[in-house]
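Predicted, not measured: the structure shown is a model, and the values here were computed from it.
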Amino acid sequence: MVSATSVKRTTQVCMTGLVAFCLPAYGSDREPAEVVNSSPDISHPPVAHNLWRSLTLSHGITRHDYREPDPLGRVDPLDSETGNLPTTQATLRWHGKLTQALPEMVAQAQASYAQGQTDYNGYLQQGITLIPFQAHTGNTFQEYHLRAGLPLNAFTQSSPSTRWTQHIAPYLEQGWHHWQRNLAQYGETYTWQSTSVGVMALWSLADLSLPKFSRYTVEADISTGRTHHSHINAPALGFAADLASTYVHRAALALHYAATPDWSMGLRYQMQRINLGASPIVAGFKYPGSSNHQQSYAMSLSRIF
């Protein structure tokens, strides 16, 4: 049996609890500790983009560094060129199954265009005499790449211990390249193809239990390969020849931020190293080969679908 004193005491406890619960809402700017701890962090909503299915447009600057050796060993280098080229790049990514019988795969199509001037420092040849010469060279680069790969989780059973494998995908890539080089005296056109193997990763920081960084995705990409079907053409000199096959290396790092559920912004750095091989002697001319080092910095905008 409950006494009247007990009822009165219980009523006082309930009223005290009600006042304690209501007062912070009306008489204070602070909320109870238990309410603050349990409320969601609305300043960092858990938005994580699947950039494996996206269209990305980026624009920035490519630092082009060209070196051409002297085949007779008189000077080193025979000529060099450096300069910044405005660059635009579009990347389309897809992730899924072609049929239910096949594992999930990733595919990527990429096109880039760069145009600008570089500073030429080299020599003019008169017989066997070299005369120092400086000028500006116009450059237009066009590149197209197609790749296909399989995420690592295509080969493993899904489990908490192997969940990281969904973020990493080895791939095979084919590239087509066109470079128009307009020197002060004449123009040269280089064309080549490249076949590379590489690995790419798209890792959302939301999967690392970092709620304050859940909107960020890190992208990393590295590949190595060889050039083939390389060709040079200088119509004004009556010179055209095939070039020897050589290597190509590429690496990229990017950080993406999910601005809305459908759009991401990003910053991207890419390094590319291409060596063009030497040519045979044709019409009295020989291309000695060259090394091309490019570094690109760009801002990007991605549409998620």
#### Entry: N121, D119, N139 screened by side chain to side chain contact (heavy atoms under 4.5 Å, CB included) with E81, the one that passes
N139
### Query
Please, which pairs that meet side chain to side chain donor-acceptor pair (under 3.5 Å) have at least one residue in residues 275-284, sequence neighbours excluded?
Y247-N275
### Message
Does H136, at its NE2 atom, have more than 12 non-hydrogen atoms belonging to other residues, nucleotides or ligands within less than 6.0 Å?
### Response
no
### Summary
So salt bridge (charged side-chain N to carboxylate O under 4.0 Å, His left out) across residues 86-106, not counting sequence neighbours, yields R93-E219
### Query
So which pairs with a foot in residues 225-249 pass salt bridge (charged side-chain N to carboxylate O under 4.0 Å, His left out), sequence neighbours left out?
none
### Message
If the threshold is 4.0 Å, N to carboxylate O, is there a salt bridge linking D65 and R273?
### Response
no
### Query
Between S194 and H177, does any side-chain donor sit less than 3.5 Å from a side-chain acceptor?
yes
### Query
Quick one: do Y216 and W263 end up in the same hydrophobic cluster if we chain Ile, Leu, Val, Met, Phe, Trp and Tyr together by side-chain heavy atoms under 4.5 Å apart?
yes
### Task
Using ring-ring contact (aromatic ring centres under 6.0 Å, His included) as the criterion, list what pairs up with Y171, not counting sequence neighbours.
none
### Query
For residues 283-299, which residue pairs qualify under salt bridge (charged side-chain N to carboxylate O under 4.0 Å, His left out), counting only residues two or more places apart or in two chains?
none
### Query
Looking only at side chains, do T191 and H178 share a donor and an acceptor under 3.5 Å apart?
no
#### Entry: Partner residues of Y297 under the ring-ring contact (aromatic ring centres under 6.0 Å, His included) criterion, sequence neighbours left out
Y269
### Query
When you check the side-chain N and O atoms of Q125 and Y123, is any donor under 3.5 Å from an acceptor?
no
### Message
Is it the case that atom CD1 in I131 sees more than 12 heavy atoms from other parts of the structure closer than 6.0 Å?
### Response
yes
